[in-house]
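In what follows, a single structure is set out as structure tokens and then discussed.
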Amino acid sequence: GAGVSQSPSNKVTEKGKDVELRCDPISGHTALYWYRQRLGQGLEFLIYFQGNSAPDKSGLPSDRFSAERTGESVSTLTIQRTQQEDSAVYLCASSFSGGLRGEQYFGPGTRLTVT
Amino acid sequence: GENVEQHPSTLSVQEGDSAVIKCTYSDSASNYFPWYKQELGKRPQLIIDIRSNVGEKKDQRIAVTLNKTAKHFSLHITETQPEDSAVYFCAASMGNQFYFGTGTSLTVIP
């Protein structure tokens, strides 16, 4: 079946512009995660959704970052007034139930470059 | 919060040898420990996981061990093959949050 998809696959933007990144999880997966991966680095947790709610927003690096999820499906990660340090691959993952019982399936990522 | 450390950052082994990657975690409440493999330019994929009520789990050439007292867990790959070359990430989870290690770049030399 279809896996997790993300769009766009690549995004180049000028410093100061806003960007929206989209994630389509596997159908029926109630949990959705966003991570940031800087070049050669590990995965940095950003935010987690259970259904349409985000019980934990502690990973968002600044108030320029926000995310929403609708219909217990698609999620968008918005970065306002982008900075060069925002350049990274943004990965989305979904799991059936989250937490202990939920293997995460990752999307291909969106490579964001801020010039 | 949880802090996961992973070592080594790079590892080179001869084909057929074993590779071991170690992770430590700080929060004793963590109870789920997955390992992900990320090939160059691709997404991370789960290769094995272990829950806190188990000390060891094996799947063909891959095994994971967990020492809850010492708060560390390890990935063991035996009879390594060139296709095992990738970056491996450990993670520790409690509830719905996942904390990842910084990754180990494994190179298997033919």
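Computed from a predicted model, the values in this text were never measured in an experiment. Below, chain A is the first sequence line, B the second, and so on; all start at residue 1.
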Open item on the list: Given heavy-atom pairs under 4.5 angstrom as the criterion, report whether the side chain, backbone, both or neither of B/Q38 touches chain A.
Closed with: side chain
TODO: Against chain A, label B/P34 side chain, backbone, both or neither, depending on which of its atoms sit under 4.5 Å from a heavy atom there.
DONE: neither
Open item on the list: Show every salt bridge (charged side-chain N to carboxylate O under 4.0 Å, His left out) that has at least one partner inside residues 86-96 of chain A, sequence neighbours left out.
Closed with: A/R64-A/D86
Task: Heavy-atom closest pair, residues B/Y36 and A/Q104 - done: OH-CB, 3.4 Å
TODO: Locate the shortest heavy-atom distance separating A/G107 from B/R43; write the atom from each residue and the value.
DONE: O-CB, 3.1 Å
Open item on the list: Please say yes or no: joined through hydrophobic side-chain contacts below 4.5 Å, possibly via intermediate residues, are A/L60 and A/L91 part of one cluster?
Closed with: no
- [ ] Flag yes if A/V89 and A/L46 sit in one hydrophobic cluster, no otherwise; membership is Ile, Leu, Val, Met, Phe, Trp, Tyr, and two members link when side-chain heavy atoms are under 4.5 Å apart.
- [x] no
Any chance [atom1] of [X] has more than 12 other-residue heavy atoms, nucleotides or ligands included, within less than 6.0 Å?
| X | atom1 | result |
| --- | --- | --- |
| B/K68 | NZ | no |
| A/Q83 | CD | yes |
| B/Q60 | CD | no |
| A/E44 | CD | yes |

Open item on the list: List the residues meeting side-chain contact (heavy atoms from CB on, under 4.5 Å) with A/E14, not counting sequence neighbours, and say none if there are none.
Closed with: A/K17, A/T115
- [ ] Please write out which residues are connected to A/I26 in a hydrophobic cluster, directly or through intermediates, given that two of Ile, Leu, Val, Met, Phe, Trp, Tyr count as joined at side-chain heavy-atom separations below 4.5 angstrom.
- [x] A/V4, A/Y105
Open item on the list: What verdict does the side-chain contact (heavy atoms from CB on, under 4.5 Å) test give for B/F100 and A/Q37, after you've listed the backbone C-alpha separation in whole Å, the side-chain angles of each residue and the deciding distance to 0.1 Å?
Closed with: CA-CA 11 Å; B/F100 283 80; A/Q37 186 174 31; over 6 Å; no
- [ ] Determine, using ring centers only, whether B/F98 and A/Y35 are less than 6.0 Å apart.
- [x] no
- [ ] Give me the contact list for residues 101-110 of chain B versus chain A, heavy atoms only, anything under 4.5 Å, ordered by residue number.
- [x] B/G101, B/T102
Task: Contact class of A/L43 relative to chain B, heavy atoms under 4.5 angstrom - done: both
